[in-house]
Amino acid sequence: MRNSKHLVVALVALVGLGIGTLYAQPAPAPGDAKKPDVTASGETKADLSPREMATETKKLLGEMEGFHIRVLQLQGAARKAKDVIKLNCVNEKLLAVKQLLNIGEVAQNDLTEAIASGDRDAQVHQYSQVRLAQERATSERDEAEGCIGEEIIFIGPTQVDVNGPAMPDDPTADPHDPFDVPSSDFEQVNTASPWF
Amino acid sequence: MHWSLAVGGSLFAVALVSGAGVAHAQDARDVAAVEGPGYPIGAGTVVHPILGAEAGFTDNVFSAYRASQRHASGLLRLVAEAVIASKHVEPVDEALTDEGAEESAEPATQSIQFRGGGRLEYNEYLSTDEVVRSQRGIAADLSANLTVAPQGTFSFVVKDHLVRDSRPTNFYSFDGTNRIANTLGLALNYQPGGRTMKGGLRWENQIDYFEDADQQFGNRMINAIHGGYEWQIFPYTKVYADASYGFIGSLGSDGAIPATKRGAQPIRGGAGIATALTELFTVKAHLGWAYASYSGGSGYNAPLMGAELGYRYSPVGRMVVDYSWDHYDSLNGDYYRDHKLGLKVDQQISRVVASVGAEVRLRHYDGISMAIGAPTRDDVIFAVGGKATYVFKDWLAAVADWRTEIDDTSYLSSFGGDVHDPSYVRTEVTAGVRAAL
């Protein structure tokens, strides 16, 4: 137990100095070569009880899901603007947010197991993973906002233009005027008189 | 004075139509079966020509009642149609518009819109009877529509519709009843911002002119001044009102028979609505009053009304039922009144576009010349027919047309000691092709 406390203090000190500790990540698959290098390295101090860590983790993951939705909105705005450069930029950030969200969710599961087994070191480690993932996701969200710029996002009050389906039998488009003095029907003379 | 007005109006109309060249009658309710890309003939102007030929049969060339005067004949019809129109300006796709170039990308407002068109027909009767063959002739249906400042607060509209009707007499004869009917309209409209309301004044002039000197006793001219107003209260709902004062008179006669047309000043007015209750169900209705008193003759003072219900029962099928009750000036008497009930069904089946319809008219004539017979006459007119178009390609189609008319009346007229029964039954069937160039 004493050793664990030392380890936590040492880790906090390392994070405070800006030195990240690399944790084992699966080796990148060949197909993942183009994916951005996203990890949630480093740990933060956690003076929280297991219950508080679980609650906080849930809250952090909720925020990350919000970031995910926001970046999806930015992606839609870029697509509507038909700006390929902005769209590529946002797509890259979206991929990062998704991966960070996955990391957070895996860490949440591991935290649950650690709480169940009473392993305090593992609890702190998994909680730290979630927190770091949330911080990185915040950063990616901000960068995605920067990809788009204000001119697309802040376009003023919402203006809704409704284009209804084509009306094939628009009754208002009929040029016939029932009040015309000459009849719209062409009266034939041969129906009435032998004179013609 | 009337005659000088008529000549002036006609010359203007003819000049307008001849400027349009050969064209298809936009107002003739005869939608072209085919349409090609057309030929540009100037900046923003394209002409769309269509050629066609039809062969067919009629069982009663002269629309005669007596069996001895009923003559059947083959028919050959050559058709030339064209539409000339100022090119429609397509709106620019906003998604592809550069932000900086947004203003310059907007289409320029058209200062003048023009559409003219028409149809020429040459009808040949394929018969061994030379009297029947003598009924051959050229028929025309031409129209033009010019709008100045169509998007302006004030717009000016010129419309003209010229018809040359080539029809046999209703008795066995070398003569025909070739007739030119021209309707010219000038309108000044006020359409304030938003264009949901429009009101204005309109003048209409109609001339009926018979080419045969012996038939010119029936020539007439109708002038009418309208005040109208319409309000598009919803995208597919329009209410409107119209009031008019007209002048009906004879154009005189150069033939042996003196002019018979009696003058009148009809007054008409009313209001109506056209709306789409749903995307599939449309309703049109109008109600008003009509009055006319013919000098030395008859007259009417009666309501006018009508309603039309349209139902699109499938994406490619629609039916329309309509009823109307109205009074109109007549070439055969002072006026005629119609109760008209009609049904029309349009249906597309694969590449075939078909239309069938039937109508019944309870017609009453009044003010018929005493030299012909009794002053009043009642007819039951029944007509049924159908059209079908088989579209091979956008520019090539086969067309078929059938129409049967039955006019049943107890009226008997007399002229030169001979008694005529104007009732008749006539069927005409034709089929052919149309090609757009």
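In what follows, every chain begins at residue 1, and chains take the letters A, B, ... in the order their sequences are listed.
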In terms of side-chain geometry, is the basic nitrogen of [X] or [Y] positioned less than 4.0 Å from the acidic oxygen of its partner?
| X | Y | answer |
| --- | --- | --- |
| B/Arg363 | B/Asp378 | no |
| A/Glu56 | A/Arg131 | yes |
| B/Asp242 | B/Arg202 | yes |

Quick one: what part of [X] sits under 4.5 Å from any heavy atom of chain A, side chain, backbone, both or neither?
| X | answer |
| --- | --- |
| B/Ala64 | neither |
| B/Asp326 | side chain |
| B/Leu412 | neither |
| B/Val320 | neither |
| B/Leu304 | side chain |
| B/Ser330 | both |
| B/Thr275 | backbone |

Original post:
Strictly under 6.0 Å, is that where the ring centroids of B/His286 and A/Phe179 end up?
Top reply: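 Distance test on ring centres: under 6.0 Å, yes.
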Subject >> Closest approach of B/Tyr411 to B/Ile368 (non-hydrogen atoms, all atoms of both residues) >> reply: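 Smallest heavy-atom distance, with atoms named: OH-CG2, 3.5 Å.
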Which of the residues [options] is involved in the greatest number of heavy-atom pairs with chain A at under 4.5 angstrom?
| options | value |
| --- | --- |
| B/Gln232, B/Arg268, B/Gln206 | B/Arg268 |
| B/Glu230, B/Lys340, B/His327, B/Arg361 | B/Arg361 |
| B/Ser244, B/Ala181, B/Ala224, B/Gly270 | B/Gly270 |

**OP:** Indicate whether any N or O donor in one side chain lies under 3.5 Å from an N or O acceptor in the other, for B/Arg220 and B/Thr260.
**Re:**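 The answer is no; no qualifying pair exists.
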Original post:
Can you tell me if B/Glu279 and B/Tyr236 form a side-chain donor-acceptor pair at under 3.5 Å?
Top reply: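 B/Glu279 vs B/Tyr236: no donor-acceptor pair found between side chains.
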